[in-house]
Amino acid sequence: MYTLRHSSLSFFSLQKLSNPLKPTSFALNFTQICISKQLYSMSSTSKSELVQSNQPKKSVIYKVPAIETNDIDKVAGQTFQRYYLSSSETKRNGKGVCILWFRNDLRVLDNEALFKAWASSEVVLPVYCVDPRIFGTTYNFGFPKTGALRAQFLIESLADLKRNLQKHGLNLLIKHGKPEEILPALAETFGAHTIYAQKETCSEELNAEARVNRSLQKVCLPSTVGQSKARNGVMNPKLQLVWGCTLYHKNDLPFDMSNIPDVYTQFRKSVESRCTLRACIKIPATLGPPPEIEDWGALPSIDQFRLHNQEVDRGLAFVGGESAALSRVYEYFWKKDLLKTYKVTRNGMLGSDYSTKFSPWLASGSLSPRFVKRYEKERQANDSTYWVLFELIWRDYFRFLSIKYGNSIFHLGGPRQLDYKWSQDSTLFEAWRDGKTGYPLIDANMKELATTGFMSNRGRQIVCSFLVRDMGIDWRMGQSGLRHVSWITTLVLTMETGHMEQAQVYDPEGEYVAYWLQEVKRLPKDKRHFPGFSYLKPIVPLKYGNTSKQGGQKAGTSKRDHRSGGPQNKQYTK
């Protein structure tokens, strides 16, 4: 339901393009529900869509977006200009200092928290806290939360945010430590009356908000305009949280959070018929002046996180940051005009242009879903343009469900408290995670995810279905075990039809599996999905797939074969 893309520009003069960066509508990505939460990135120095190394064809890299660095800056610059306030709209009546706490909203464009901080102050101090907890381990199973690819994408996003703020008269203060310690200290030092931040929905982020709020109550400031007053008469900085992570604003929904429909179709139809999409937030061309700070802090490095740099040697290489995100939107909608065929191509798995590839930027907040929708409006409407909106509303839906159900979405039985006998067999799980299940389509997708941090929408559904349906593995192991490598905010555990049938439909000539699995590449096309003894022995039999073409090769047995597996419902989604 979401994915990303990439394309190549042999080059262009931005000034000569018609409608180079008009606002439109659409994007993708989900939120934190099932398998995989975050971002991940790649080399930002590749110079074209296809980057050939000295190695064979398997080393082809698709840079996303496929635009030269200088032109990424041009695209971003022209886009910003479209969303500047007029001179008559740039009156600033606020007083004192505000802090802007960047979280999962690493962008300047359509950032309401940024605008409110500017409007309610004379000076804005933008801050990003490199919280060591995001490099810790997950609550369940103790898997690492952040790996090298995801960390590199974050670093690139911060670097780009810093540059874009500087172009608008501000800067980004980068501090290493916990927000509940850093922000109150900064508020006291600068006498900041308000800390603005984007509101989040899940427990880790909510706990961070609560800790910051408690710490701010211990900060005593001189009486100045804009401060909140505690019961004892002491002036404290206040934490002001702003909604900004969804296509439709939470306050505009036709129902409150406790009454969000449990069926997507009901939610979608209500929203489409009764909600109006808000306009993108405009900003002044100049957001300064910044506060006087000698040391604005250095960008983090991979080494600081005790990680090793991971270069993408094949597949998709995403460039982190808002500028790259805006360039990808331009590239997908205008340069390549790919939106018109999205509905037809969206289930592809190989290459860069079968889907939007917006996911990592949406997940990091480098791209506003509202901006994508507004931008898409400039294109002629058809089934494909609507389908992107359809996917964006899916993304909203899961975010709002996370408010309705809270932490139960991460519990074993989910919000419905379903009682299944899940397995936590580490051997089976590691075979799935490492792409060694013996099923080429499963393994190829997992190899792509490990190499690039990305997997197609169709691939996510197939590998997740295999994990819970055929292997019977605790779905939380999938969520926790892949969180460090992926930026995709959700891998949906949807029950699919047989995986062998899916292989024939979505990769009929085996090109995708041949690209990722060298053992399969040398086989005839009709044998690539059914390699028999030419490939790994399947680790489990398929419960719901066609195994008649497996060449007589039987799957290995395991403890799990004698236990109850995963859910049997055809359309069960965790």
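Starting from 1, each residue takes its place in the sequence as its number.
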Checklist line | Residues T146, R150; criterion side chain to side chain donor-acceptor pair (under 3.5 Å); working and verdict | finding: CA-CA 6 Å; T146 304; R150 183 182 164 210; 2.8 Å; yes
Next item on the list: Go through the steps to decide whether V130 and Q304 satisfy the test side chain to side chain contact (heavy atoms under 4.5 Å, CB included), and finish with yes or no.
Entry: CA-CA 11 Å; V130 184; Q304 288 176 277; over 6 Å; no
Item checked: Worked verdict on L542 versus Y439 for side chain to side chain contact (heavy atoms under 4.5 Å, CB included) -> CA-CA 10 Å; L542 291 179; Y439 294 99; 3.6 Å; yes
Next item on the list: Take I539 and M471 through the test side chain to side chain contact (heavy atoms under 4.5 Å, CB included) and record every step on the way to the result.
Entry: CA-CA 9 Å; I539 196 167; M471 301 182 84; 4.2 Å; yes
Item checked: side chain to side chain donor-acceptor pair (under 3.5 Å) assessment of S258 paired with D256 -> CA-CA 6 Å; S258 63; D256 60 36; 2.7 Å; yes
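For the atom pair CD of E391 and OG1 of T356, the computed distance is 9.0 Å after rounding to the nearest 0.5 Å. Interatomic distance, CZ of R268 versus OH of Y397, reported as 12.0 Å (0.5 Å rounding). The line from CD of E272 to OH of Y248 is 6.0 Å long, rounded to the nearest 0.5 Å. Taken from CD in Q504 to CG in D526, the straight-line distance is 11.0 Å, to the nearest 0.5 Å. Atom CE of M477 is separated from atom OG of S423 by 7.5 Å, given to the nearest 0.5 angstrom. The CG atom of L523 lies 5.0 Å from the OG atom of S534; values are rounded to the nearest 0.5 Å.
With contacts defined as side-chain heavy-atom distances shorter than 4.5 Å, the pair T201/E205 does not qualify. Counting heavy atoms from C-beta outward, Y535 and L517 have side chains that approach closer than 4.5 Å. A heavy-atom distance below 4.5 Å is found between the side chains of W516 and R314. Put simply, the side chain of C202 reaches to within 4.5 Å of the side chain of F410, judged on heavy atoms. Side-chain atoms of I260 and M257, non-hydrogen and from C-beta on, do get closer than 4.5 Å to each other. With a 4.5 Å cut-off on side-chain heavy atoms, T138 and Q479 do not count as touching.
Here the side chain of E322 pairs no donor or acceptor atom with the backbone of R107 at under 3.5 angstrom. No donor-acceptor pair under 3.5 Å is formed between the side chain of H176 and the backbone N or O of P300. Side chain of D396 to main chain of L247: a donor-acceptor pair is present (N/O by atom type, distance under 3.5 Å, no hydrogens or angles). In this structure a side-chain-to-backbone donor-acceptor pair under 3.5 Å is present from D443 to T437. In this structure a side-chain-to-backbone donor-acceptor pair under 3.5 Å is missing from T341 to V344. R528 places a side-chain N or O within donor-acceptor distance of the main-chain N or O of E509, the cut-off being under 3.5 Å. Side-chain atoms of E156 never come within 3.5 Å of backbone atoms of F153 as a donor-acceptor pair (strictly under, hydrogens ignored). Between the side chain of N140 and the main chain of S480, no donor-acceptor pair closer than 3.5 Å is present. The backbone N or O of I462 lies less than 3.5 Å from no partner atom in the side chain of S465, so there is not a single donor-acceptor pair. The backbone N or O of L449 sits nowhere less than 3.5 Å from a side-chain atom of N445 that would complete a donor-acceptor pair.
Classification of R133 and E180 as a salt-bridged pair holds, one side-chain N sitting under 4.0 Å from a carboxylate O.
For NZ of K199, the number of neighbouring non-hydrogen atoms (other residues, nucleotides, ligands) closer than 6.0 Å is greater than 12. Dense packing is recorded around NZ of K404, with more than 12 heavy atoms of other residues, nucleotides or ligands lying under 6.0 Å away. At most 12 non-hydrogen atoms from other residues, nucleotides or ligands lie less than 6.0 angstrom from OH of Y139.
Under the 30°/60° scheme for interplanar angles, the aromatic rings of F318 and W361 are found to stand perpendicular. Below 30°, between 30° and 60°, or above 60°: for Y62 and Y515 the angle between ring planes is between 30° and 60°, a tilted geometry.
Residues that satisfy the side-chain contact (heavy atoms from CB on, under 4.5 Å) test with K343, not counting sequence neighbours, are R346, D383, S384, W387. Under the salt bridge (charged side-chain N to carboxylate O under 4.0 Å, His left out) criterion, E430 pairs with no residue at all, not counting sequence neighbours. The ring pair (Phe, Tyr, Trp, His ring centres under 6.0 Å) test applied to F429 returns F143, W432, not counting sequence neighbours.
Looking at every heavy atom in both residues, Y128 comes nearest to R103 through CE1-O, 3.9 Å. Scanning all heavy atoms of the two residues, the minimum distance from I473 to W422 falls at O-CE3, 3.1 Å. Between A324 and P65, the shortest heavy-atom distance links the atoms O-CG, 3.6 Å.
A cation-pi contact, defined as under 6.0 Å to the ring centre and within 45° of the axis, links K250 to W243.
Between the side chains of Q417 and D419, no donor-acceptor pair is found at a separation under 3.5 Å.
Taking the six-membered ring where the residue is Trp, the centroids of F390 and Y264 are separated by under 6.0 Å.
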